[in-house]
S.K.: 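For reference, the structure I am asking about is given below.
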Amino acid sequence: MESYDLVILGGGLAGMCAAVEAGEKGASVLLLEKLDELGGSTVLSSGYMAFTGTDMQEVAGIVDSTESLVKDLQEVGGGVNDSSLITFYAENQLETYSWLVGQGIEFRSLEAVSGHSVPRGHIIDPHQAIQALYKKVKQLPNVIIRFCAPAKRLLKNEEGRIDRVLYESEGAEQTVEAIKGVLVTTGGFAKDEALLGQFAPQLNGALRIGGRGNCGDGIKMAWEHGAWVNDLPYLNGTYGFHPSASGAVKMQGLAFYKGAIMVNQLGRRFVNESISYKLLGKAAFEQPDKITYQVWDQTVMDKSVADDPLYDLELLRRRRLLYITDTLEELADCIDVPLEVLEETISRYNQGIQTGEEPDFGRKTLTHNFGKPTPIEKAPFYAFESTVAMLATYAGVAVNSAAQVLNPFGEPIPGLYAAGEVTGGFHGAGYMTGSSLGKAAVFGRVAASEALSGAAIK
Ligand SMILES: Cc1cc2nc3c(=O)[nH]c(=O)nc-3n(C[C@H](O)[C@H](O)[C@H](O)COP(=O)(O)OP(=O)(O)OC[C@H]3O[C@@H](n4cnc5c(N)ncnc54)[C@H](O)[C@@H]3O)c2cc1C
């Protein structure tokens with residue numbers, strides 16, 4: 001039987017960070033990847049990573065702190081996320097940012113997105129990031145990546161420690177020994193209808209966008225050995241996709257975080273647009289026929305950010321996904337909402353945000369605690385039909401801040417680690433943009449270090 005210090009299951013950001021971390025520490029590593037390519041949901045992502053205290057924030061004159069990051073994560077997570085995980089993240093994220101830069105990962109700009117009190121979304125090109133880590137792995141002779149090699153089951157020794165993995169390769173079943181630990185980084189289950197049907201039936205009809213190998217394999221494998229699962233009640237889609245969107249072509253726009261409102265088919269607002277787009281997704285899915293529009297004016301359009309994965313509103317125009325009209329009357333006609341209701345909605349909203357007392361949903365900011373909304377009054381007017389996509393599941397196996405997988409009593413399952421989207425507990429009821437890629441990198445590295453230090457060998 002083949003034997004390695006660490007066996008990693010899944011080659012997305014969490015698995016690749018772990019492979020490089022463990023490889024640089026001199027460990028022998030086998031990374032099993034189910035597909036014929038690396039990247040999972042990571043390479044489909046918008047590439048925002050939530051960091052604080054970086055050189056990029058300093059250059060932009062942004063004042064931020066780990067305390068503010070923790071506070072925002074707690075607020076966005078509705079206070080039900082695991083404070084030990086978010087505190088650990090906040091205290092270790094800056095070191096991981098520097099580590100990623102050191103691995104050749106390029107950060108190109110900074111924006112405020114969901115859950116940010118200040119701009120802390122550091123944008124990478126996720127393909128470039130995975131390629132940079134892969135290049136590093138290829139320089140490490142002690143790290144091997146095996147493609148088309150799905151892990152099937154975790155195996156325990158007589159003392160109850162996970163010490164082997166059963167996987168498939170070239171049509172045959174193989175077993176590999178993991179001397180120091182098995183690290184599960186198989187991502188979420190956005191592509192598994194059975195699990196989504198079981199745990200998120202409220203999302204039937206939502207678009208599915210995610211890595212094609214992301215079917216919850218890791219959760220099932222860990223569950224078999226008694227892993228507890230956190231955050232299942234908070235599975236939500238993400239708002240802001242055109243109904244014709246797929247993973248391959250970007251058709252997402254978050255104009256609401258630049259000042260757009262959201263209206264339903266009755267022409268009415270139904271939510272405070274500054275909250276997490278996961279919660280916006282939940283609210284949108286409760287509207288008549290699940291049809292909603294983002295509506296904005298030229299003042300908001302002028303805030304379009306060229307080449308930004310979420311804020312390039314001009315790209316939506318070029319792709320002919322927007323209704324653009326000179327009057328609200330024409331806009332109401334295009335999207336088939338009653339004109340008098342739309343006019344009333346916009347007039348109440350404009351008055352409310354100007355007095356600071358928006359009467360219906362209390363909107364005061366653009367996103368979370370950041371930015372000031374502007375009245376919708378300057379033609380032309382824009383509407384973007386938007387819906388909900390299940391992108392990332394964020395509910396998964398319980399872990400502690402050493403990335404050890406926990407049983408229902410909070411005890412580590414010996415030999416078993418997990419990092420990235422396969423884990424639950426970090427996000428709680430909501431999601432801060434950039435915290436999923438961020439946690440994949442931070443905890444992927446931590447898991448590798450902890451496994452090699454033998455923390456979970458009992
Ligand atoms: C469209 C989109 C936009 C997003 N934008 C952002 C963003 O801007 N910021 C942010 O923080 N998050 C974002 N996310 C979420 C984020 O991309 C993911 O949560 C994150 O990339 C997960 O990383 P990971 O390494 O845990 O999993 P993944 O990157 O999904 O990697 C998991 C890997 O495991 C492999 N695998 C699965 N099962 C097995 C098995 N049995 N054996 C071996 N290998 C297996 C998969 O094939 C895959 O390669 C977005 C997600 C999507 C889909």
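Please read all numbers here as calculations on a predicted model, not as lab measurements. Start at 1 and go down the list; that is how both ligands and their atoms are numbered.
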S.K.: With rounding to the nearest 0.5 Å, note down the distance linking CG in L316 to CE in M301.
M.R.: 7.0 Å
S.K.: Kindly confirm or rule out an N or O of T433 lying under 3.5 angstrom from an N or O of ligand 1.
M.R.: no
S.K.: N/O to N/O below 3.5 Å, does that happen between A14 and ligand 1?
M.R.: yes
S.K.: If I take atom NZ from residue K282 and atom OG1 from residue T238, how far apart are they, to the nearest 0.5 angstrom?
M.R.: 14.0 Å
S.K.: Test of understanding: given a 4.0 Å heavy-atom threshold, classify the contact between Y431 and ligand 1 as side chain, backbone, both, or neither.
M.R.: side chain
S.K.: Under a 4.0 Å heavy-atom limit, does L38 contact ligand 1 with its side chain, its backbone, both, or neither?
M.R.: neither
S.K.: So how far is it from S274 OG to N369 CG, rounded to the nearest 0.5 Å?
M.R.: 8.0 Å
S.K.: Taking non-hydrogen atoms only, is S435 closer than 4.0 angstrom to ligand 1 via side chain, backbone, both or neither?
M.R.: backbone
S.K.: Heavy-atom pairs closer than 4.0 Å: do any link ligand 1 to the side chain of Y167, the backbone, both, or neither?
M.R.: neither
S.K.: Have a look at ligand 1 and work out which part of D217, if any, has a heavy atom under 4.0 Å from it: side chain, backbone, both or neither.
M.R.: side chain
S.K.: Between T42, V165, L13, I124, which one has a non-hydrogen atom sitting closest to atom 29 (O) of ligand 1?
M.R.: T42
S.K.: Identify the two heavy atoms, one from V263 and one from I261, that lie closest to each other, and give their separation to 0.1 Å.
M.R.: CG1-CD1, 3.8 Å
